[in-house]
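Because the structure is predicted, anything quoted here is derived from the model rather than measured. Naming: A, B, ... by sequence-line order, numbering from 1 per chain.
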Number of protein chains: 2
Amino acid sequence: MLLSKSCVYGLRASIYLATKNNSEYIPIKKMSETIEISHHFLTKILQQLTAQGLLDSYKGPNGGVRLKKPASEITLMDVVLAIDGPDLLTECALGLPGCGHQNPCPLHDKWATTRDSIKQMLESSSLEYLVERGKSEDLRLTNEGGFEKLLNG
Amino acid sequence: MLLSKSCVYGLRASIYLATKNNSEYIPIKKMSETIEISHHFLTKILQQLTAQGLLDSYKGPNGGVRLKKPASEITLMDVVLAIDGPDLLTECALGLPGCGHQNPCPLHDKWATTRDSIKQMLESSSLEYLVERGKSEDLRLTNEGGFEKLLNG
DNA sequence: CTATTTTAGGACAAAAGACTCTCTAAAACC
DNA sequence: GGTTTTAGAGAGTCTTTTGTCCTAAAATAG
Ligand code: SF4
Ligand code: SF4
């Protein structure tokens, strides 16, 4: 797997938050039901995003979480780095320590190209872009429902 | 991580076997010492490759394993499929079941492109190609040593 | 101040992945 | 036939990932 499950959940939640008006806090409980992720587990993941400065959180009634920056300024890369860390972008395909630069393995050139393409994809996808695509084509974020359902839910 | 650790070990071992004259069997014990992977664990992994028809094995003195086909006809994709299975190439970036075709998520187009680039890399790298690159530039397959050491080991 | 809603955080449990150990089976050599 | 060399197969252990649960702390409303 390219991304850990926690990371995938974090991405789904981030995209969902980006569909919302950013002036109000969204309770994690409600969000977890909408995007079909266990409440407690999602809470843990969002705690990481909050700690990394991607989300604002607020306790108490009318509390919840929201994006700390506009959706146009948050990329998938930000979320992946916050949850899975930089390993995906620095680690060796053959798992040899101290890699790439001085003494590469035979796979290095090809792998470095592929790694760049992954990096490129993550950096070039802002939450705003994904929400717009989702809205315009009614794509889905859950097993069943499309975007319309999310926006009105 | 893109590939499981077992898969990475399998790749290292396959590349190593491709450096050898394919007429003799290489004992796993010796190989495990050369490429610095636990003997028993490597045995398990190579059993899978044997079961999948990528390796020949032979018991008893002068036994061991060797590639079943010429190194030019085995790609990294073959090894990855044998050990990690096809998940990497079929699975969703957002982990939604029943994916891609009829009802994609907003990430699908970009992800499909990246996935193709991974697929392309794995399919276009034959063991022979890697060994040639390794030989000509004395690249490494272990933490320390380069190819010269492997060939003469 | 008290009860309620909501995040924060830690302890715990289950499952998967990574690795070890031991015994068995086959082949070769003497 | 007996011993050695090798792969095969299974059970068992350790670690990481995934997921649950419970309590505390903050905020709000009455
Ligand atoms: S040399 Fe490059 S491709 Fe090879 S293991 Fe290191 S980073 Fe990966
Ligand atoms: S629609 Fe495409 S990108 Fe999205 S989860 Fe499915 S396969 Fe992955």
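Take A/Thr142 and apply the side chain to side chain donor-acceptor pair (under 3.5 Å) test, not counting sequence neighbours, and it matches no residue. Checked against ring-ring contact (aromatic ring centres under 6.0 Å, His included), B/Tyr129 has no partners two or more places apart in sequence or in another chain. The ring-ring contact (aromatic ring centres under 6.0 Å, His included) check on B/Tyr58 picks up B/Tyr25, with sequence neighbours excluded.
Nucleic acid contact for B/Ile26: sugar-phosphate only, since backbone atoms but no base atoms lie under 4.0 Å from a heavy atom of the residue. Contacts of B/Leu46 with the nucleic acid, taken as non-hydrogen atoms under 4.0 Å apart, are absent.
Applying the salt bridge (Lys or Arg N to Asp or Glu O under 4.0 Å) test to every pair with at least one member in residues 32-43 of chain A, sequence neighbours left out, gives these pairs: A/Lys29-A/Glu33. Residue pairs meeting the salt bridge (Lys or Arg N to Asp or Glu O under 4.0 Å) criterion with at least one partner in residues 103-128 of chain B, sequence neighbours excluded, are A/Arg133-B/Asp109.
The separation between B/His39 atom NE2 and D/dG8 atom C1' is 11 Å, rounded to whole Å. Atom NZ of B/Lys44 is separated from atom P of D/dA11 by 11 Å (rounded to the nearest Å). In this structure, the CD1 atom of A/Ile45 is 8 Å from the P atom of D/dG19, given to the nearest Å. Rounding to whole angstrom units, CE of residue B/Met31 and C1' of D/dT5 are separated by 16 Å. One interatomic measurement links the two molecules: NZ of B/Lys29 to C1' of D/dT4, which rounds to 14 Å at whole-angstrom precision.
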N/O donor to acceptor pairs below 3.5 angstrom from side-chain atoms of residues 68-82 of chain A, sequence neighbours left out:
from, atom 1, to, atom 2, distance (Å)
A/Thr75, OG1, A/Met77, N, 3.3
A/Thr75, OG1, A/Asp78, N, 3.3
A/Thr75, OG1, A/Asp78, OD2, 3.4
A/Asp78, OD2, A/Thr75, N, 2.8

Could you go through residues 40-51 of chain A and list every donor-acceptor pair under 3.5 Å that involves a side-chain atom there, pairing it with any protein atom two or more places apart or in another chain?
from, atom 1, to, atom 2, distance (Å)
A/Thr43, OG1, A/His39, O, 2.8
A/Thr50, OG1, A/Leu46, O, 2.8

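Other residues sharing a hydrophobic cluster with B/Leu139 under the 4.5 Å side-chain heavy-atom criterion for ILVMFWY residues do not exist; the residue is a singleton.
Using a 4.5 Å heavy-atom threshold, the side chains of A/Arg140 and A/Phe147 count as separate.
Along DNA chain C, the stretch of nucleotides lying under 4.0 Å from any heavy atom of chain A spans, 5' to 3', C/dT5 to C/dA11.
Interatomic distance, CG of A/Leu3 versus CG of A/Leu11, reported as 6.5 Å (0.5 Å rounding). Here B/Leu2 contributes atom CG and B/Leu88 contributes atom CG; the two are 5.0 Å apart, rounded to the nearest 0.5 Å. To the nearest 0.5 Å, the span separating CG on B/Leu127 from CG on B/Leu17 amounts to 9.0 Å.
Each end of the helix from C/dC1-D/dG30 to C/dC30-D/dG1 gets its own axis, taken as the rotation carrying the C1' atoms of four end pairs onto the next four within a five-pair window, and the two axes meet at 10° to the nearest 10 degrees.
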Atom pairs under 3.5 Å, N or O on each side, protein against nucleotides 12-18 of chain D: can you list them with distances?
from, atom 1, to, atom 2, distance (Å)
D/dT18, OP1, A/Lys5, N, 3.1

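Between A/Thr50 and B/His40, the residue anchored closer to the 5' end of DNA chain C is A/Thr50, taking for each the nucleotide with the nearest heavy atom.
Remark: B/Tyr58, B/Lys59, B/Gly60, B/Pro61, B/Asn62 in residues 57-66 of chain B come within less than 4.0 Å of DNA chain C through at least one heavy atom.
Around CD of B/Glu24, the count of heavy atoms belonging to other residues, nucleotides or ligands within 6.0 Å exceeds 12.
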